[in-house]
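Quick note on labels: first sequence line is chain A, next is B, and so on, each numbered from 1. Side-chain atoms are counted along with the backbone in the values below, which use heavy atoms only and exclude waters and symmetry mates.
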There are 2 protein chains.
Amino acid sequence: MPPRMIDVARRANVALSTVSYAINGQRAVSEETRRRIRQAMDELGYQPNALARGLASKHTNILALLFPTPERGLGVTEMEFVVGAADAAREHGYHLVLSPSELRNVRDLEQLTGQGLIDGALVMEVRIDDDRVQLLEQAGVPFSMIGRTSDPGRIDYADIDFEQTTRDAVGHLVELGHRCIGFLNHSPSAFSVGYGPTVRASEGFRRAAATADVVHVERLCGDNAAAGQAAFHEMRAAQPDITALIVMNERAIVGVMDALDEIGWRVPDDLSIVSMVSSTRVTEMMRPKLTTLEPPSTQLGRLGIQMLLDQIDGGAGERAPVQELLPCRLVIGASSGPPPAR
Amino acid sequence: MPPRMIDVARRANVALSTVSYAINGQRAVSEETRRRIRQAMDELGYQPNALARGLASKHTNILALLFPTPERGLGVTEMEFVVGAADAAREHGYHLVLSPSELRNVRDLEQLTGQGLIDGALVMEVRIDDDRVQLLEQAGVPFSMIGRTSDPGRIDYADIDFEQTTRDAVGHLVELGHRCIGFLNHSPSAFSVGYGPTVRASEGFRRAAATADVVHVERLCGDNAAAGQAAFHEMRAAQPDITALIVMNERAIVGVMDALDEIGWRVPDDLSIVSMVSSTRVTEMMRPKLTTLEPPSTQLGRLGIQMLLDQIDGGAGERAPVQELLPCRLVIGASSGPPPAR
DNA sequence: TTGTAGGCGTTATCAT
DNA sequence: ATGATAACGCCTACAA
């Protein structure tokens, strides 16, 4: 039996409604009254009941974070999204509920939105063509995305700038003198379900390589060592002159290393490696420490929440959609250097 | 304007209360009536309003996950906790709010519990002496812990069995023939604030080594490569005969590798390494692939929620506290082998 | 087995 | 500037 608003009102000798107004500032309250109310609140240790407040006011101060658990599992980068989003939400006085909805289970999402529990949603791991997005639009739930669909229209999103990132990766290697560069992407299945990073990085790489007028080769590759190993051998068979490799597939990297051992190549002497869109937290643990294009994960999470709140607080007014692409940060490690003189 | 319960009632030609009872099964409803109600619900796409339900029934079906963001950052293991907890909560029809409360900010926690928003809390990253625990007890909020305080009393918890895990690590090495084993722990600061794993693994290691009658040496070590490198040199200075190293500090490992390079040692020929309480997801990326004692992270998360729900649903009846210690799984990699014949 | 009505703790619309 | 008082949508004795 925690104190209720009426208890505060009585103790401060004012009406219930006055307390309510004093708390959420919807109308003027005299300084003296406000003081008495505050005092009463402190003495009672009063805190407004979130449910009652929500029921009456039609907004709950609760946001949902929609994250599917992808086949490849969740890593450090995803954790950073989550932490960034959670922090940002808290700073704005919002709660964040974690909603591990599988993409297939549209039911779960309907349930979530139908309960009237959330004011909006932040959608993670958005696919090129994502059911959840349609559903949220229909449901009229405010939402924003980390990642984006093929045609985001007027939907707010924050995403990694894959175009820029691949260009930076290629640029770094070209500057070092490389003229034949490989790209090891995520799995064929990620590509075929339209996983955004896989698709966009693929396009970006081709374009960047073409622009730099560099010989290039790409492989889709399962997220495991064996696949990485096989893929590298294939790439080398296709392009024997390969001297550098961009990898957007952390777990395949070690397989590449194994492949290099087999042919007696060393990093970066015989092959430069750049790890794209992975956390330095992880790539620093590899030897040699990998040159990395590190995504602004925490910032993306924060930005996602920010966009969402702008949307909610901003009312239904016609705002321009906020759509931002953030670059990855190039962290030069010991895995990239000049090409060998073969 | 979503449909309300009264709409369902009218459409099914029954009283409002009958719908309510039909939904939450608090009293018998005839099969025919129930059928009509269900049909009406389907046709209207009705879903009970979570807030109204909570306000009236005094329980919200919302749980909180309390996770501080430790100095060393959050990794794969922590992510797995979270995913496990979120999944388990969803399966039981509960929502999970992520509450990134810093340990220092007891205010945030008070706010959370005072709002009447949550039915209970799962506390992550529990310290030997943790303010949050006291606060939750005072607040009368049901909660359980992943990890445990020095004296958990009757509080439910699930934790890693560090005693067993260190014993397994030492045992694995002793079986291979090692007689002088080092232990690289987390940072001095983690130890001094009473971070459970650091403290308990330290004790466990000493005991296991003593029992196995093995020469041993331990170092606390910052979570970074440089610290790991320095620490290994120190250990070797203290125990030149060291042939094996147990590490509970993922980020220090690469520093150890660097140190080994400096003295021309190889893994596992000159030194065996076992990584304790880290995800194989990470240790598989190292070369050689590390022998690992992998924590049952997802299971711990699930278990934490399970305990919490038992507590909540079980009512205030006197239950025996559920306190479980789970072992890590030994995954043998390529980093451990027989000691060198020096 | 079904219906009636009084809360749950706020917000917000009326007055005053 | 402040007070009363309907909602908000549901749950649950209590009555029938």
Discussion item. If we ignore hydrogens and angles and just use 3.5 Å, is the side chain of B/Gln323 paired with the main-chain N or O of B/Ile155 as donor and acceptor?
Written reply: yes
Item to complete: State whether the side chain of A/Glu324 and the backbone N or O of A/Asp159 hold a donor-acceptor pair below 3.5 Å, judged by distance alone.
Response: no
Discussion item. Rounded to whole Å, please give me the gap between CD1 in B/Ile37 and C1' in C/dT2.
Written reply: 10 Å
Discussion item. Once side-chain hydrogen bond (donor to acceptor under 3.5 Å, both in side chains) is applied, do any residues pair with A/Gln306, and if so which ones, sequence neighbours excluded?
Written reply: none
Worksheet item: Does one side chain, of B/Ser20 or B/Ser17, offer a donor that lies under 3.5 Å from an acceptor on the other?
Response: no
Discussion item. Suppose we screen for side-chain hydrogen bond (donor to acceptor under 3.5 Å, both in side chains). Which residues come up paired with B/Asn49, at least two apart in sequence or across chains?
Written reply: none
Discussion item. By the salt bridge (charged side-chain N to carboxylate O under 4.0 Å, His left out) test, which pairs, at least two apart or in different chains, include something from residues 135-146 of chain B?
Written reply: none
Worksheet item: Minimum heavy-atom separation for B/Pro68 to B/Arg132, with atom names?
Response: CD-NH1, 3.4 Å
Fill in: Main-chain N/O of A/Gly75 paired with A/Glu78 side-chain donor or acceptor, under 3.5 Å
yes
Worksheet entry | Near-strand residues of residues 3-23 of chain B, defined as heavy-atom separation under 4.0 angstrom from DNA chain C | B/Val14, B/Ala15, B/Ser17, B/Thr18
Fill in: Which residues share a salt bridge (Lys or Arg N to Asp or Glu O under 4.0 Å) with B/Arg34, sequence neighbours left out
none
Response to the item:
Numerically ordered, the residues 41-57 of chain A set in heavy-atom contact under 4.0 Å with DNA chain D is A/Leu55, A/Ala56
Worksheet entry | Bend angle of the helix from C/dT1-D/dA16 to C/dT16-D/dA1, end axes from five pairs each (to 10°) | 40°
Practice prompt. Return the value, rounded to whole Å, for the distance between atom NZ of B/Lys58 and atom C1' of C/dG9.
Written response: 8 Å
Item to complete: Let me know, please, whether B/Thr33 or A/Gln26 comes out on the 5' side of the other along DNA chain C by nearest nucleotide.
Response: B/Thr33
Worksheet item: Atom NE2 of A/His59 and atom P of C/dT11: how far apart are they, to the nearest Å?
Response: 9 Å
Worksheet, complete the sentence: Residues pairing under salt bridge (charged side-chain N to carboxylate O under 4.0 Å, His left out) where one sits in residues 42-64 of chain B, two or more places apart or in two chains, turn out to be B/Arg11-B/Glu43
Worksheet item: Which residues satisfy the side-chain hydrogen bond (donor to acceptor under 3.5 Å, both in side chains) test with A/Thr60, sequence neighbours excluded?
Response: A/Asp119
Item to complete: Using the heavy-atom set of chain B and a strict 4.0 Å cut-off, write down the first and last nucleotide of DNA chain D that makes it in, 5' to 3'.
Response: D/dG9 to D/dC14
Worksheet entry | salt bridge (Lys or Arg N to Asp or Glu O under 4.0 Å) against A/Arg35, all qualifying residues, sequence neighbours excluded | A/Glu32
Item to complete: Would you please name every residue forming a side-chain hydrogen bond (donor to acceptor under 3.5 Å, both in side chains) with B/Thr77, sequence neighbours left out?
Response: none
